[in-house]
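Naming: A, B, ... by sequence-line order, numbering from 1 per chain.
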Amino acid sequence: MTVRLLDTAFDPGAETTAFTAAQSGAGGIVTFCGVVRDSAQGKLDRMEIEHYPGMTERALTDIRDEAMARWPLTGAMILHRHGTLRPGETIMMVATAARHRADAFAAAEFLMDYLKSRAPFWKKEVTSAGADWVAARDCDEAALDRWTR
Amino acid sequence: MTVRLLDTAFDPGAETTAFTAAQSGAGGIVTFCGVVRDSAQGKLDRMEIEHYPGMTERALTDIRDEAMARWPLTGAMILHRHGTLRPGETIMMVATAARHRADAFAAAEFLMDYLKSRAPFWKKEVTSAGADWVAARDCDEAALDRWTR
Amino acid sequence: MKLEILYFAWVRERIGLPRETVDTDAATVSDLVRELAAREDRYAAAFVDVSALRVAIDQTLTDFDAPLRGAREVAFFPPMTGG
Amino acid sequence: MKLEILYFAWVRERIGLPRETVDTDAATVSDLVRELAAREDRYAAAFVDVSALRVAIDQTLTDFDAPLRGAREVAFFPPMTGG
């Protein structure tokens, strides 16, 4: 499945291998993995990711379809976790494959920019100092502009 | 080892896992894999990659060091094969890790642009129609300009 | 009309529930927000600054001027932080 | 001076050998190219269009105007096609 919403850990290495094996005619494959890192607010105990069941699946599918329509890709994949994650765990992964590398890179960045600001996920960091919702970054919203010019 | 010249196949999935595990403080990890695809000239039997022993290792190390100096990366890796490769095999891989995804993406594209045109590798395609050296693409040379402006 | 209203992240926490059914004649999202904010302090606290909120009608992002006619589900939440 | 000359890819194939030691007084890469091209047809064929070639002195890319003083190893090859 090219779009998957997961409530347990996944193996980015195994996913990379499987995605690559499924491509035909691709010369380049790009992957991006987002990882839980320590918070600026203190030692991170865990990250809780909330999402909007129903809308989430639709948003991920729409974002992938848009990437497939914009670039000549042989494939594109989005995996995203929700629930409780520990530091070092992989939050999400996108993979893109194309005949030429520029298309695979552009599509992967596009997927990431849309996932950051348009897929209905909300991250809460639980640290030694308490629990706080992660604030959206202005630069993430701004990153979307380059795809609409 | 963050720069490796290989004469046998490697497993991009396992390399992704190992690279990710070695990062500390990274929020995002980008990988690019180049794969042997069929030639426009006919059914590809194999690709032969020649290189310049001595200069190759130095060029790969220099390119990686330059990426580490230009972006705040927690790590960067380059693997590149030489010798005989079959269709579908992975030619090379770069991986970059950074606190923020924009740095990881930019560094991965930088590594690829320099590998394409500044690392002393030459590809020969052996097809049903004969053997031919792969020509450098003008757009690959042009891609370097964006890093020197 | 009957609307299913959903709240996520700190909007859910401030209001204290994840969803509720509301009977309303609000014409637009903004009308609905005014109606909800007038109910109780916890609603007022959640909707104190709508520029910090996002809204979806029937699982599609929209804006606060959007009409509610035909809507079944309205969701309020902070800017998304996926990826 | 004695120079180690290396050839790669189709330059190697046209000339028919991967490396050779040359005794030369050439001052620049271009002088060396003229000297080599004058030797035999296979050299002339390899160096017919230097704009299609790249050159490295002691494993560092350079250009055809570069002086050879102090050089130990000069390599000729087509544009690289790595990655």
Part of D/A52 within contact of chain B (heavy atom distance under 4.5 Å):
neither
Is B/R81 close to chain D through its backbone or its side chain, or both, or neither, when contacts mean heavy atoms under 4.5 Å?
neither
Within a 6.0 Å radius of atom CG on B/D138, are there more than 12 heavy atoms belonging to other residues, nucleotides or ligands?
no
Listed by residue number, which members of residues 61-68 of chain B have a heavy atom under 4.5 Å from any heavy atom of chain D?
none
Heavy-atom pair of closest approach, residues B/V134 and D/T81:
O-CG2, 3.4 Å
Please answer whether the main-chain N or O of D/W10 pairs with a side-chain N or O of B/K124 as donor and acceptor at a distance below 3.5 Å.
no
Any residues in residues 46-59 of chain B near chain D, with a heavy-atom distance under 4.5 Å, and which are they?
B/E50, B/H51, B/Y52, B/P53, B/G54, B/M55, B/R58
Heavy-atom count around D/D25 CG within 6.0 Å, excluding the residue itself: above 12?
no
Rounded to the nearest 0.5 Å, what separates atom CZ in D/F8 from atom CH2 in B/W133?
10.5 Å
Heavy-atom distances under 4.5 Å only: say whether B/K116 touches chain D with side chain, backbone, both or neither.
both
Above 12 or not: heavy atoms from other molecules or residues under 6.0 Å from CZ of B/R70?
yes
What residue in D/R12, D/R54, D/Q59, D/E13 has the most heavy-atom pairs under 4.5 Å with chain B?
D/Q59
Taking ring pair (Phe, Tyr, Trp, His ring centres under 6.0 Å) as the definition, give me every residue that meets it alongside D/F47, ordered by chain and number, with sequence neighbours left out.
D/F76
Residues of residues 17-26 of chain B with any heavy atom under 4.5 Å of a heavy atom in chain D
none
